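None of the values given here were measured: they were computed from a predicted structure. Naming: A, B, ... by sequence-line order, numbering from 1 per chain.
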There are 2 protein chains.
Amino acid sequence: MNSAPAHDEPSCSIAASLDIVGDRWTILILRDSFRGLHRFDEFRRDLEIPRAVLADRLRRLVDAGVLVKRQYSEHPPRDEYRLTDMGRELSPILVGLMQWGDRWLGGPDGPPTVLVHEPCGTEVDLRFHCGACARDFSPLEIASRR
Amino acid sequence: MNSAPAHDEPSCSIAASLDIVGDRWTILILRDSFRGLHRFDEFRRDLEIPRAVLADRLRRLVDAGVLVKRQYSEHPPRDEYRLTDMGRELSPILVGLMQWGDRWLGGPDGPPTVLVHEPCGTEVDLRFHCGACARDFSPLEIASRR
DNA sequence: GGGGCTGAGTTCATTCCCTGAACCTAGTCG
DNA sequence: CGACTAGGTTCAGGGAATGAACTCAGCCCC
């Protein structure tokens with residue numbers, strides 16, 4: 001029955017991504033995962049998120065393949081949640097949010113966290129890069145083609 | 001060295017950004033703005049979003065400075081919503097969502113939309129670039145420092 | 001000069017989800 | 001034994017989302 005009517009968003013990758021990560025708590029959980037938090041109670045204490053919501057979001061993220069649930073202790077049984085490669089590749093979105101907040105909403109203290117290229121330790125940021133022009137360019141120069 | 005993060009998140013740019021764009025409908029409205037939709041009814045028809053929610057989200061985005069409301073016709077009085085520079089600089093987030101969806105959730109047809117560097121028309125994508133190493137690198141190589 | 005149309009909303013009843021508190025289970029510690 | 005921790009589930013309530021109906025202003029047409 002797939003006549004794919006126009007108003008049904010069949011093939012928008014942004015909408016598809018939002019079905020998985022289009023929720024405030026979900027993004028904050030992922031942010032904490034990147035920061036090195038992995039356990040239910042670590043998330044709960046850091047975010048002050050209701051337990052039921054946290055359990056739900058973790059379940060969805062595991063179902064989607066963004067996190068894996070792993071037992072890190074058998075006796076007592078204890079679980080932790082770790083980013084998969086699929087989850088780790090969400091970093092540009094987190095970085096985008098961070099840089100935009102730094103630039104447009106930042107307090108006078110400057111950015112509380114900076115990003116580095118792990119192998120060399122150099123501070124970096126996220127840029128659009130054009131191979132043809134051999135240069136980085138501003139977000140204002142981007143356009144889309146179907 | 002990692003002192004316990006205050007449960008009050010005063011200075012997290014990600015959380016600050018989410019206060020403005022951390023909502024599914026908001027992101028979809030912005031996606032449509034980048035696509036060239038500007039009017040209330042264009043958004044409403046494309047997204048099938050309830051009118052009350054659309055009015056609320058547009059109001060918030062205007063209040064935040066992401067969109068501006070402009071009269072494009074005096075008689076009859078008609079308004080449109082346009083991205084400000086602040087809004088246009090959200091593109092890395094949208095692009096991040098799009099590329100992640102393309103890569104991990106993509107259908108067999110490939111990406112429905114590609115991005116080009118407007119001045120030269122070349123297809124681009126969003127990459128981390130390290131000036132010190134003089135190369136692009138994968139999201140998996142990123143790390144954060146306080 | 002009435003009827004229908006468009007754009008841009010507001011109001012309202014219902015439904016749904018988030019929230020916070022309490023409770024549960026398994027295991028460990030003193 | 002009783003207290004404590006980790007990782008949840010259950011439940012009442014409140015607030016936001018939803019869809020339908022309504023408003024209002026102006027234009028279009030006959």
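- Ring geometry for Phe43(B) against Tyr81(B) counts as tilted: the plane angle lies between 30° and 60°, on a 0 to 90° scale.
- Considering CD1 of Ile14(A) and CG of Leu94(B), their distance stands at 4.5 Å, rounded to 0.5 Å.
- With rounding to whole Å, Tyr72(B) atom OH is found 7 Å from dG7(C) atom C1'.
- Side chain to side chain, Glu89(A) and Trp100(B) fail the donor-acceptor criterion of an N or O pair below 3.5 Å.
- Per the geometry, NE2 belonging to His38(B) stands 15 Å off P belonging to dG7(C), to the nearest Å.
- Here the C1' atom of nucleotide dT6(C) and the CZ atom of Arg39(B) are 10 Å apart, to the nearest Å.
- Of the charged side-chain nitrogens involved, none lies within less than 4.0 Å of a carboxylate oxygen, so that Arg70(B) and Asp79(B) do not count as a salt-bridged pair.
- Counting to the nearest Å, the P atom of dT6(C) and the CG atom of Asp79(B) are 19 Å from each other.
- Side-chain contact annotation: Arg127(B) with His129(A), donor-acceptor N/O pair under 3.5 Å absent.
- Between the CZ atom of Arg44(B) and the P atom of dG9(C) there is a distance of 12 Å, rounded to whole Å.
- For Lys69(A) and dG8(D), the shortest distance from a side-chain N or O to OP1 or OP2 is below 4.0 Å.
- Between the C1' atom of dC17(C) and the CG atom of Leu54(A) lies a distance of 16 Å, rounded to the nearest Å.
- Among the heavy atoms of the strands lying under 4.0 Å from Arg59(B) are primed sugar atoms or P, OP1, OP2 only; no base atom is included.
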Original post:
Which letter, B, S or -, goes with each nucleotide of nucleotides 13-30 of chain D from 5' to 3', with contact meaning a protein heavy atom under 4.0 Å?
Top reply: ----SBB-B----SS---
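- Note: OH (Tyr81(B)) to P (dG7(C)) measures 14 Å, nearest angstrom.
- Between Ile142(B) and Phe137(B) the shortest side-chain heavy-atom distance falls below 4.5 Å.
- In this structure, the CG atom of Leu58(A) is 11 Å from the C1' atom of dG8(D), given to the nearest Å.
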